[in-house]
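Here's the structure, in structure tokens; my notes come after.
In listed order, ligands and their atoms are each counted from 1. Being a predicted model, the structure only gives us computed values, none of them experimental.
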Amino acid sequence: MSDGDVGTIKFLARDLPEIPTEKIAERVASRFGLEGDWQSLEGERDQVLRLDADSGRYVVRVSNVAELPRVVDFHVKALLHIETHAPDLPVPRVVPMIDGGFVDSMKSGDHSHLVRLVTYLPGRPLREAPTEEKAQLRTRLGATLATFGLAMRGFFHEAASNEHPWDIMRSPQLTDHTRHITDSTVRTGVEEVLQQFSGHVLPGIGSLRHQVIHQDAHGGNVLVDNGSVSGLIDFGDMVWGPLPSEIAIAADPAWSDGDPVGALCDVVAGFDATYPLEEPEVAVLFDLVLARVAATLTIEAARQARSSDQRSAAEGIDRYAGLLDELLRLDRSTVDRRLREVGRFAPTWPSPSSTDLVKRRRAHLGAMAPHFYDQPLHVERGDGVWLYAPDGTAYLDFYNNVPQVGHNHPHVVNAISRQAATLNTNTRYLLEGVVAYAERLTGLLGPGLDACLFVNSGSEANDVALQIARFATNQGGTIVMEGAYHGVTAATRQLSTGDDDIEAVAHIAELMVPDPYRGPYMAEDAGAAAKYAADVDRALGELMSHGNDLAAFIVDTAMCSNGIPSIPAGYFADVEKRVRAGGGLVIADEVQAGLGRTGQWWGHELHGLKPDIVTMGKPIGNGHPLGVVVTSAELLEPFMARTRLFSTFGGNPVAAAAGMAVIDVIEREHLIAKANDTGAYLRDELGRVQTDHPLIGDVRGWGMIIGVEFVTDRELRTPAMNQTHQLIELMKSNGVLVGSAGQRGNVLKIRPPLVAERAHADRFIEAMAASLAAVGEPGIP
Ligand code: PMP
């Protein structure tokens with residue numbers, strides 16, 4: 001091997017200094033003022049000695065001749081940084097010289113070597129710990145490295161990005177040296193790993209979190225004592241590198257006792273609990289382990305090829321060759337599943353089979369727990385307008401009105417996790433975030449809607465709203481829309497007259513739905529609004545005939561369960577007048593319509609209704625449980641004085657953070673304007689589809705809440721129930737999720753996340769056209 005050959009990567013040389021101990025002892029005595037018993041220790045590239053002095057034990061490191069002063073300065077500064085920022089971390093302390101400096105330089109022959117001292121740490125190497133203690137020790141090592149990592153986030157040194165042999169990011173350079181691996185099978189394995197790594201893994205690693213990492217925390221450089229990590233030593237391999245490398249190296253398969261993935265999981269568990277890992281970081285861990293083993297084999301083989309440096313290389317090569325073989329035989333999907341589980345990320349394929357999950361669900365959630373589809377849809381992940389099945393199939397989610405700003409919006413996710421990591425209590429404490437949210441939310445509502453009461457769901461919000469109205473009026477009568485849905489509590493179920501099992505009760509009267517498509521007064525009828533509104537007087541009479549006076553009129557301002565009818569202009573103002581004349585309060589249920597869904601902040605705003613109480617749920621937390629009742633202080637105070645109502649989780653700081661973040665996104669991303677734009681575009685496109693498909697009787701809605709009514713006969717407006725059901729199933733097969741509404745189940749309800757773009761609307765239309773073409777074909781249920 002020529003000099004030039006090794007020169008390309010000079011680290012392949014060891015060239016350990018071999019200075020007589022007496023000479024070093026003399027120098028240390030004069031510069032550091034320390035004397036004692038000396039002993040040589042093993043070093044990879046430095047001459048390392050132990051000094052037992054009266055004041056304690058020290059490690060003396062005499063650098064390789066090739067070591068640059070700035071690299072030694074980097075190591076010294078890093079240790080000093082830890083001393084300040086993570087004083088409890090068990091790492092050596094740098095020992096100053098008599099003159100206050102930390103690095104000495106001594107001559108040996110023609111060469112000069114840098115000399116420094118650090119304190120000696122007690123304990124024995126982790127790799128020598130009893131097998132039964134290793135798993136726990138590895139987890140503790142993970143935690144130690146996480147603390148180290150957190151401390152080093154704010155540290156940088158120019159030498160941190162120096163070329164370094166073990167820098168995983170430079171591993172493609174090692175390909176030039178694989179020829180030194182004599183066993184051709186091993187060599188091929190190493191080359192394949194390096195090739196796969198540089199071609200497919202490395203490009204993605206660049207975008208992972210980088211910082212100064214120890215890069216050598218294997219079982220030989222970690223000391224343990226009494227079941228805990230007592231020392232992290234040897235900082236000679238520190239580099240600016242990808243965070244997950246730290247873990248991959250610490251989980252050295254050579255000390256894994258036959259389960260390298262288990263060892264990796266142990267370290268991940270400890271690390272992640274202190275310094276949470278990100279999903280792409282977990283995804284590359286195993287590749288990093290493979291690359292590190294391939295690098296070890298190559299470096300050892302290249303070193304062995306240098307005649308002067310045969311030490312233990314052959315043994316190391318054999319051990320790592322066996323390990324590489326073992327790692328390459330592992331089933332990659334099992335490896336990934338174990339790692340994702342320990343990182344608590346949703347599993348990737350293969351996840352439990354859907355059939356098996358259906359059985360388990362039936363066993364523990366009951367056979368009647370409702371599914372959306374004939375064939376239950378198994379989803380694993382969401383992102384914006386998309387939901388993903390375990391096999392990666394993407395579904396455009398135009399059904400779900402809960403993820404208002406898109407599934408897993410990062411701003412909302414971050415707000416929730418940051419708050420969860422800071423404080424989660426309840427509204428009985430003085431909490432800035434909760435008050436700020438109440439201020440922000442009420443700022444989006446009209447005058448007189450300025451006091452919030454926090455609960456956890458739309459049902460609870462409606463239940464409490466009803467209690468407030470009944471308390472304020474001292475009456476019990478309630479007017480609801482025929483076929484309404486308002487929740488799951490005992491009181492709100494009675495209001496949910498659209499549910500089959502709900503029997504009429506004397507204190508609740510149902511109002512005729514103002515549906516110009518299907519009701520008695522059509523769109524062309526200029527007096528339709530007043531005629532529908534006049535039904536309030538009939539309902540009042542009905543209540544009074546049973547001895548009930550009016551407490552409230554409650555309405556879902558999008559009338560979603562009524563099939564999103566085109567409520568005639570002026571209807572709500574007229575209804576409100578009559579309700580007030582009857583002594584009742586107005587409750588706007590904004591669980592469906594609120595927070596921009598209709599292209600305005602609130603459905604009541606869109607329809608010119610002025611409620612006394614507004615209820616909110618579903619979208620306001622983008623999926624995080626949150627329900628709010630907003631009313632006036634005049635209505636809330638006396639009610640609270642009497643009831644002292646309090647919901648433990650209602651409006652807790654995490655829920656408030658979610659709510660606040662959702663408003664942030666709607667405002668910052670101009671989602672109300674987008675709801676109007678994409679919504680209008682989608683309605684136009686649906687209108688176009690309607691011309692070709694007689695099944696479509698009506699297209700309507702506002703903003704991003706759209707109803708498409710299906711009829712078998714456009715003249716007679718005969719509801720096409722089966723066809724609507726078929727269409728929904730077909731659309732699922734075509735990768736689009738949508739639901740049905742209306743008392744006859746023949747209205748497609750389309751409620752995309754407000755982030756949906758025109759291109760998503762195009763995708764929806766495409767799937768709808770394809771599905772419509774197949775409706776009624778034999779074999780379609
Ligand atoms: N009101 C309306 C108009 C709703 O659509 C719903 C839920 N579908 C509720 C109230 C009840 O909300 P939750 O399921 O959060 O209790």
Are [X] and [Y] close enough for a salt bridge, meaning some N to O gap below 4.0 Å?
X	Y	result
E709	R700	yes
D374	K732	no
D677	K674	no
R518	D698	no
R440	D664	yes

Ligand 1 contacted by V488 (non-hydrogen, < 4.0 Å): no
Against heavy atoms of [X], which atoms of ligand 1 measure under 4.0 Å?
X	result
H486	1 (N), 10 (C)
N462	1 (N), 10 (C)
S457	15 (O), 16 (O)
D556	3 (C)

Under 3.5 Å side-chain donor-acceptor pair for H604 and E576: no
Donor on one side chain, acceptor on other, Q475 and N548, under 3.5 Å: no
Ligand 1 to K618 polar contact by distance, N or O atoms, under 3.5 Å: yes
Polar proximity ligand 1 side, V591 side, N/O cut 3.5 Å exclusive: no
For [atom], which protein heavy atom lies nearest, and how many Å away is it?
atom	value
atom 14 (O) of ligand 1	S459 OG, 4.2 Å
atom 1 (N) of ligand 1	D589 OD2, 2.7 Å
atom 15 (O) of ligand 1	G458 N, 3.0 Å
atom 5 (O) of ligand 1	Q592 NE2, 2.8 Å

Result of checking E605, Q592, E590, H607 against T557 for side-chain hydrogen bond (donor to acceptor under 3.5 Å, both in side chains): E590
Proximity of E460 to ligand 1 by residue part, where a heavy atom lies under 4.0 Å: neither
